[in-house]
Amino acid sequence: MLAILNKRPCLPHDLTIGHLERKLQRFERRTQKPNARDSDYVTRDRIAQQLAEARTYLC
C-alpha cells in the first residue's frame, strides 16, 4: 500500500489530513480547559503523531 502512496503526487489537502487537523484542533481546545482529563492529553498526542505520519506519506 505504501508503494501506491509513493506513486501519487503530493496531496496536502487530502481528506485524511483535513480530518486529523480538525480533530487535533478540537482536542487542543479541550486540553486548554481546566477540567481536561488525562485521556484528552493522550488522545491529542496520538492524533498529532497520526497527522505527522499522514503528512509524511501523503506528501
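Values in this document were obtained by computation on a predicted structure and should not be read as measured data. Quick note: numbers below take in every heavy atom, side chains included, and nothing from hydrogens, waters or symmetry partners.
With sequence neighbours excluded, no residue satisfies salt bridge (charged side-chain N to carboxylate O under 4.0 Å, His left out) with R26. Residues satisfying the salt bridge (charged side-chain N to carboxylate O under 4.0 Å, His left out) criterion with R44, sequence neighbours excluded, are absent altogether.
For the pair I47 and F27, the tightest heavy-atom approach, listed with the atom from each and the gap, is CD1-CD1, 3.6 Å.
Remark: L51 CG to K23 NZ distance equals 11.5 Å, nearest 0.5 Å. Atom CZ of R37 and atom OG1 of T43 lie 8.5 Å apart (nearest 0.5 Å).
A donor-acceptor pair under 3.5 Å is absent between the side-chain atoms of D45 and the main chain of V42, judged by distance alone. T31 places a side-chain N or O within 3.5 Å of a backbone atom of E28 that can act as its donor or acceptor partner.
With Q50 as the partner, the side chain to side chain contact (heavy atoms under 4.5 Å, CB included) test is satisfied by one option alone out of L20, I17, L24, T16: L20.
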